[in-house]
Each structure stands twice: as structure tokens, then as C-alpha cells.
Trainee: 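For reference, the structure I am asking about is given below.
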Protein chains: 2
Amino acid sequence: MHDSAPAPVMTDVARLAGVSHQTVSRVVNGSPHVSTPTRNKVLAAMEQLGYRRNAVARALATRRSGTLGVITFDTVLHGPVTTLYGVEQAAGALGLGVSIAVVDRVSSDAVMRALTRLEDQSVEGVIALATQEDAVRALTAGLRALPAIFVGGLAGAAAAGATAVGTDQLDGAQAATRHLLEFGHRTVHHLAGPQDWLDSRWRVEGWRAALHAAGAPEPPLVEGDWSARSGYCGMRAMLAADPALTAVFAANDQMALGALRALDEAGRRVPEDVSVVGFDDVPEAEFFRPPLTTVRQHFAEAGQRAVHLLLDLIRPQESPADATPPPLVPTELVVRRSSGPAAR
Amino acid sequence: MHDSAPAPVMTDVARLAGVSHQTVSRVVNGSPHVSTPTRNKVLAAMEQLGYRRNAVARALATRRSGTLGVITFDTVLHGPVTTLYGVEQAAGALGLGVSIAVVDRVSSDAVMRALTRLEDQSVEGVIALATQEDAVRALTAGLRALPAIFVGGLAGAAAAGATAVGTDQLDGAQAATRHLLEFGHRTVHHLAGPQDWLDSRWRVEGWRAALHAAGAPEPPLVEGDWSARSGYCGMRAMLAADPALTAVFAANDQMALGALRALDEAGRRVPEDVSVVGFDDVPEAEFFRPPLTTVRQHFAEAGQRAVHLLLDLIRPQESPADATPPPLVPTELVVRRSSGPAAR
DNA sequence: ACAAACCTTGTTAGCGCTAACAATGTGAGC
DNA sequence: GCTCACATTGTTAGCGCTAACAAGGTTTGT
């Protein structure tokens with residue numbers, strides 16, 4: 001399994017093809033200044049030797065590592081993970097590598113350490129998947145010469161002077177809330193995500209905006225931490241505070257799952273007594289009981305756009321006519337059975 | 001944000017400290033052959049200039065990139081993702097970087113492409129998180145000089161001549177099955193995972209072993225693909241085939257969720273009429289209705305062990321007394337309300 | 001036919017670091 | 001005092017690649 005013969009290098013190919021190593025380099029890099037017969041000779045030699053360009057040497061000579069860094073938060077949330085895959089896919093298609101750094105808890109310190117780790121791997125740019133307020137601050141402060149893109153918390157990050165790409169949280173939350181309002185619910189309660197996450201703040205904004213537009217009263221916010229447990233606890237608290245509530249918009253599907261459970265325990269039927277809407281559309285949402293109405297986010301798409309945007313920052317000359325993608329990814333309301341008309 | 005002054009290099013530090021660049025190198029690498037005053041001068045100069053060693057140059061000179069590669073499958077499954085985080089954490093603690101390659105579908109081809117991508121990034125070793133049979137085959141065939149560790153599908157990978165680490169699937173599945181049997185169920189049906197995954201084959205083995213040990217009949221296997229949907233469909237099929245079944249062991253929690261839904265639709269109560277046990281213990285399992293009895297896997301732990309095992313392969317001399325961790329991570333049965341006594 | 005413009009190839013000099021060896025200086029041992 | 005061992009430092013030569021320039025050969029225009 002471990003062969004001992006050293007991997008062939010450019011000089012080996014050059015010798016075999018009877019040209020200089022620079023000519024081999026030209027062929028490898030697709031330079032037009034190589035005659036067809038020479039190119040073929042080189043190609044044949046490469047093939048014969050099984051030559052593969054040494055990325056490290058190339059990186060040293062060009063001062064470009066061809067690697068992007070991704071900073072992500074350590075909770076296994078559907079969003080960040082799917083985005084990560086989108087990033088890797090897009091990067092792979094462009095011939096770029098992806099290094100990751102997982103931040104175990106959100107503190108400027110942890111973020112800085114993650115950043116340092118990526119810098120030490122000579123990444124050319126960073127995509128940050130954890131858009132808590134602190135993280136954004138720490139990153140914008142800590143990034144030295146590194147370009148970065150934030151995924152999520154769009155406008156918030158933009159305000160901090162950074163480039164961002166993300167789902168249109170505002171619109172998605174508005175759509176969810178409006179959907180419930182249109183069913184005749186007097187108002188919609190909101191099980192919010194952690195308020196240090198920019199994403200969840202935008203969802204609150206959207207919810208609030210839809211409420212106000214409809215002239216509906218704004219019930220007090222209950223804050224969770226994205227977990228099903230927090231949705232469960234939050235729902236119980238809400239129910240205790242306002243037993244008459246009829247519609248709940250949860251900041252993500254996990255929290256909605258917890259809410260569903262709490263409602264069941266309290267003897268409330270969904271959607272007959274209380275309607276529930278989630279956010280994200282995780283693959284399981286369709287199999288919750290009842291199937292969850294939710295707002296689908298296209299995380300992988302966001303990840304792909306992030307890569308293109310980042311490439312734009314790193315190599316402005318290389319992203320030509322095919323314009324950079326718009327940073328705002330639209331959402332999609334997926335109506336299932338957990339939402340319905342208000343009981344009368 | 002983008003400063004223009006080039007980053008200081010070793011020579012800059014050397015000049016400032018009044019020593020040769022090699023002495024700086026010695027300090028950076030913790031060589032004992034540097035006098036304390038000299039070391040302090042160098043350290044001060046490094047501090048003053050904000051020197052950071054260039055990992056690429058070091059990699060070129062030492063022929064070691066300090067980077068591990070992880071190959072993972074593109075489904076957002078709880079296991080692989082958590083393992084990935086465990087890998088990153090352990091690698092980070094050892095000063096190693098982590099590059100990822102996501103395989104979009106399982107074919108030898110896709111696996112080979114992912115492998116090539118990692119090789120091109122000069123990773124020193126590979127940790128494969130996708131232990132489908134094909135993937136193992138493709139990897140063991142495709143790895144040239146690269147050491148690799150497989151996570152999951154333990155004995156299967158070992159049989160293929162590769163080193164592996166993973167959860168004790170056999171034992172976990174046996175425990176789950178036995179748990180149901182002990183409740184007095186005549187037998188236990190199994191909603192299996194995709195049979196090209198080594199993990200799910202081991203779960204089948206464990207289930208089968210427990211059944212045989214108890215002298216229980218072995219119902220036909222229903223195969224899914226890890227998704228809630230497949231659990232739902234599989235459960236319906238099972239119910240159609242054997243309306244009298246009373247206990248189901250699902251290969252993972254998502255499939256169990258689908259099964260729960262199918263049982264509900266069929267008017268079967270859980271656990272009064274039918275008991276359900278899952279596998280993995282995803283964070284949401286506790287909030288399924290009813291809370292799911294399941295087998296907890298310690299994925300992050302498996303990831304960490306994989307890193308240490310891989311390091312052993314890469315740098316045998318460096319992992320000393322503190323023995324390599326055992327490759328088999330134990331599981332833990334978490335009993336919740338979805339399992340109970342057989343109805344009489 | 002002759003020079004200016006190529007096109008093609010080769011030569012040289014790094015990128016920033018480490019490995020190997022050489023060259024000091026110091027104290028111990030005879 | 002002189003040699004030997006050793007600790008400390010410096011010098012040199014790469015790692016495998018690309019960038020920049022140089023050097024031929026072939027066109028082309030007039």
C-alpha cells in the first residue's frame with residue numbers, strides 16, 4: 001500500500017520528454033506558448049510517469065495555496081453542515097481545497113484560535129458559517145490580510161463592514177407569519193432562536209414586520225437555543241403565559257419539534273387548536289407529527305455563492321463576465337399539515 | 001482589512017535578533033541547542049514583528065503538510081458530521097489541519113475523485129467517514145502512498161486490509177434487540193439501513209444474533225436508506241406483511257421517526273401496541289413522540305480515536321507511551337418511552 | 001533582402017523553510 | 001599547555017515549483 005518510489009517531479013517529466021522543466025510547467029498550466037508536438041510529448045511523459053503536480057511547491061512559488069478555510073460552529077445544525085457541503089462542492093469544482101476549523105464554543109477567543117489555525121494552513125480566504133454577533137466581531141477584528149465571507153445574518157454582517165451571503169431570513173419569516181395570519185389567527189407567537197445569532201434576529205424582524213403590517217398584537221418573545229429541548233421548554237412557558245394562543249412560528253424545525261411535543265402533552269391538537277410553522281425544512285420535518293409547515297432554505301446554494309463571492313475577493317481578475325451571484329438566496333414556504341385555520 | 005506589508009519571514013526575524021535564520025528556525029522548532037539569551041532575543045524579535053511560520057514553505061522542506069484529509073458522504077447524517085467535528089478537534093489539538101472532500105454519491109469514481117482532490121492538497125493521511133462497501137474498496141485500491149483510517153464498519157474494513165475505528169455496532173444492535181425481547185416481545189422486526197453500508201450490516205448481524213440467542217424467529221428484513229421517508233415506507237410495508245408485529249428496531253433514529261409516523265397513521269399506539277427502538281441518539285430523539293429509546297453512539301470519540309490511530313500510521317515514532325486508543329467505541333442503550341412490555 | 005515582430009523554448013533566480021554539515025568557542029582531562 | 005568532546009552558531013544546498021528574462025528560430029512587412 002505504501003509505495004517507496006518517490007513521486008515523479010517536473011524534472012523527471014522534462015527529462016523523459018526531452019524538454020526543460022519550464023516547458024512542462026507551461027503544459028501543466030495550460031500556457032498557449034507551447035507547440036502541439038511538444039505538448040503531446042510532455043503529456044505522454046506525464047501520463048507514463050503518473051506525474052501529479054506538487055501543490056505545496058506550487059503554493060510556495062505562487063504564494064497561493066488554493067485552499068479556502070471554513071469556520072463553523074460545533075453544533076450539528078442542519079444549516080451550517082449543508083452549507084459546508086455546498087462550499088466544498090463549489091470549491092472542488094473550481095479546483096480549490098477546503099480546510100475546516102470547528103469552533104467549540106462562541107467566544108472571541110475560540111474564534112480567534114480557529115482563525116489562527118486556518119491562517120497557519122495558509123488558506124487564501126475564509127468562509128464563516130457561524131454568524132453570531134461575537135463571531136462576526138471577532139473575525140472582522142482578527143482577520144489580518146485574509147478576505148472573508150460570512151454566510152447568514154446578511155445585513156448584520158454587512159453592517160460590520162464584511163461581505164456576506166445568506167438566505168433571505170426577513171422574507172422567510174414574514175412569509176411564515178403571514179401564512180399563519182392568513183388562516184385567521186389573531187396573532188402569531190414566536191419561539192425565537194438565540195438572539196446573538198444574526199439569523200435569528202432577522203427572523204424576529206420578519207415576524208414582527210408581518211405582525212405589524214397586519215395590525216396584529218405582538219406577543220412577548222420566547223428565546224431558545226435552536227435545540228428541540230429549548231423549543232419544548234419555550235412552548236410550555238408560552239402556553240403558561242397565554243393558554244389561548246393559536247399560532248406559533250418557531251425559529252427552526254428542531255424547536256418546532258419540541259413545541260409539537262409540548263403542545264401534545266398539554267392536550268392541544270395541531271393544527272386544530274394550535275398551528276405550528278418551523279424554519280429550515282430539515283429532511284425529517286415532513287415526518288414530524290403532523291408534517292411540519294416550514295420555510296425551506298437552500299443552504300448548499302448559499303455555500304456555493306459564498307465560494308464564488310470569496311473567489312471574487314481573492315482573485316478579482318479571474319471571475320469574469322459571469323457575474324457574481326446575488327448574495328441573497330430566496331426562501332420557500334413549504335405548507336404541510338401543522339398549520340391550518342384558526343379555531344373559531 | 002487587507003494590509004499590504006508582506007508578512008515577516010524568518011530572515012527578518014534573524015536580522016532583527018542579530019542571528020542567522022537557522023537559529024530562528026531552531027527556536028521555532030524548540031531545538032535544545034540554543035542558549036537561553038539567544039532564544040530570548042529571537043523570541044522578542046518574533047513577537048515584535050508578529051512573525052508566523054509559513055506552513056507551506058515548511059511543508060515543502062519537510063515533505064510533511066501537517067494536514068489530514070477527511071472523506072465524507074454528502075448526506076447530512078448525524079454520525080458522519082459529529083465524527084468530522086471530533087476529527088477536527090483532535091487534529092487541532094495536535095496542531096494538524098483538516099481538509100475535507102465530500103463525495104456526492106457513492107461510486108468508486110466519486111470516491112477516487114475525492115481522494116485525488118485530497119492528495120492534491122498533500123494531505124498526509126486520510127480518514128474515511130463513508131464506509132460503504134464500494135467506498136472501502138475504492139479507497140483501499142486508490143490509496144497510493146497514503147495511510148488511511150476508516151471510521152465505522154469496523155471489522156468489514158479490517159477484512160479489506162485497512163485500519164478502522166468505530167462504534168461497536170454489533171453490541172449496540174444486540175442490546176437494542178435484547179432490550180425489546182426482554183419486554184416479552186415474541187420477536188423483533190428490523191428496519192435496516194442500506195446494506196452497502198458496513199455499519200448497517202453489522203447492525204443486522206447484532207439483531208440477528210440477539211434473536212437467535214433468544215430462540216426468536218427472524219422476520220424478513222426491510223431495507224431503507226437512513227432517511228425518515230424510508231423508515232416510513234418500510235414500516236408500512238412491514239405492517240402490511242405482518243399486522244401483528246409488536247416490536248421494531250430501526251437502524252437509525254431518522255428511520256425510527258418515519259416508523260413512528262407510519263404506526264400512528266395505522267392507528268398503532270407506541271409503545272402500547274408496538275415498541276420502537278432507534279440507533280444513534282440524535283439530539284432530537286428525546287423529543288419524538290413518544291421519546292425514542294435508542295442506542296447512543298459516541299461519534300466524536302470515534303473521530304478522535306481515528307486521528308490518533310492515523311497519526312500512529314503517519315508518524316510512528318511520535319506517538320509514544322500513551323498507547324493508541326482501542327478502535328472499538330462502546331455504545332449505550334438509552335431507554336425512553338417508545339419501548340415497553342408486549343401487549344398480551 | 002533585412003529588420004521588426006513574433007512564437008517557442010531554455011536559463012536563472014527565487015518562494016521560505018529545514019537538513020546536513022562546517023566552524024566557532026568553551027571547559028574537561030592528561 | 002594541548003587535545004578532545006561538546007555545546008552553540010553559521011553556511012550551504014536543496015524541497016518542487018513559477019516568474020522573469022534571454023535566446024534562438026520563424027514569420028511578416030516593405
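Sequence lines set the chain letters: A, B, ... in the order given, protein chains first and strands last, and positions in each chain run from 1. Just so it is clear, the values below take in all heavy atoms, side chains as well, and ignore hydrogens, waters and symmetry mates.
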Trainee: From C:dG10, C:dT18, C:dT9, pick the nucleotide closest to the side chain of A:Val34?
Mentor: C:dT9
Trainee: Roughly how many Å is it from CZ in B:Arg15 to P in D:dG10, rounded to a whole number?
Mentor: 14 Å
Trainee: Quick check: does any side chain N or O of B:Glu88 sit under 3.5 Å from a backbone N or O of A:Val102, one acting as donor and the other as acceptor?
Mentor: yes
Trainee: Take the protein atom CZ of A:Arg52 and the nucleotide atom P of D:dG16, then report the distance between them rounded to whole Å.
Mentor: 15 Å
Trainee: Expressed in angstrom and rounded to an integer, what is the separation of A:Asn29 atom CG from D:dA20 atom P?
Mentor: 14 Å
Trainee: Within the pair A:Thr38 and C:dT8, is there a side-chain N or O less than 4.0 Å away from OP1 or OP2?
Mentor: no
Trainee: Between B:Arg26 and B:Leu60, name the one whose nearest nucleotide on DNA chain C is closer to the 5' end.
Mentor: B:Leu60
Trainee: What contact category does A:Pro32 fall into here, base, sugar-phosphate, or nothing, at under 4.0 angstrom with non-hydrogen atoms?
Mentor: sugar-phosphate
Trainee: Looking at B:Arg63 and B:Glu124, is any side-chain nitrogen of the basic one under 4.0 Å from a carboxylate oxygen of the acidic one?
Mentor: no
Trainee: Can you find a side chain N or O atom of A:Ser20 that sits less than 4.0 Å from OP1 or OP2 on C:dT11?
Mentor: no
Trainee: Should B:Arg15 and B:Asp12 count as an ion pair when the cut-off is N to O under 4.0 Å?
Mentor: yes
Trainee: Tell me: NE2 of B:His33 to P of C:dA19, nearest whole Å?
Mentor: 13 Å
Trainee: Would you kindly give the CG-to-P distance between B:Asp12 and C:dC15, to the nearest whole Å?
Mentor: 11 Å
Trainee: Is the shortest side-chain N/O distance from B:Arg63 to OP1 or OP2 of D:dG16 below 4.0 Å?
Mentor: yes
Trainee: Would you mind reading off the distance between A:Asp120 atom CG and C:dC17 atom C1', rounded to a whole angstrom?
Mentor: 14 Å
Trainee: If only side-chain N and O atoms of B:Asn54 are considered, is one of them under 4.0 Å from the OP1 or OP2 phosphate oxygen of C:dC15?
Mentor: no
Trainee: Out of D:dG10, D:dG16, D:dA19, which has the shortest distance to the side chain of A:Thr62?
Mentor: D:dA19
Trainee: Round to the nearest Å and state the distance from A:Met10 atom CE to D:dA19 atom C1'.
Mentor: 13 Å
Trainee: Choosing from D:dT18, C:dC17, D:dA19, which nucleotide comes nearest the side chain of A:His21?
Mentor: D:dT18
Trainee: Under 3.5 Å, side chain of A:Arg305 to main-chain N/O of A:Pro326, donor-acceptor pair present?
Mentor: yes
Trainee: Rounded to the nearest angstrom, tell me the gap between atom CZ in B:Arg64 and atom C1' in D:dG16.
Mentor: 18 Å
Trainee: Could you check whether A:Val28 gets within reach of a base, just the sugar-phosphate, or nothing at all, counting any heavy atom under 4.0 Å?
Mentor: nothing
Trainee: May I ask you to say what B:Val56 touches in the nucleic acid, namely base, sugar-phosphate or nothing, with a heavy-atom cut-off under 4.0 Å?
Mentor: nothing
Trainee: On the nucleotide D:dT18, are OP1 or OP2 found under 4.0 Å from the side-chain N or O atoms that A:Arg53 carries?
Mentor: yes
Trainee: Would one find a side-chain N or O of B:Ser35 under 4.0 angstrom from OP1 or OP2 of D:dT8?
Mentor: no
Trainee: If the cut-off is 4.0 Å, is B:Thr23 near the phosphate of D:dT8, judged by side-chain N/O to OP1 or OP2?
Mentor: no
Trainee: Considering non-hydrogen atoms only, spot the tightest contact between B:Ser122 and A:Val56 and give its length.
Mentor: OG-CG2, 3.3 Å
Trainee: Assess whether side-chain hydrogen bond (donor to acceptor under 3.5 Å, both in side chains) is satisfied between A:Ser99 and B:Ser99, documenting all intermediate values.
Mentor: CA-CA 4 Å; A:Ser99 280; B:Ser99 281; 3.3 Å; yes
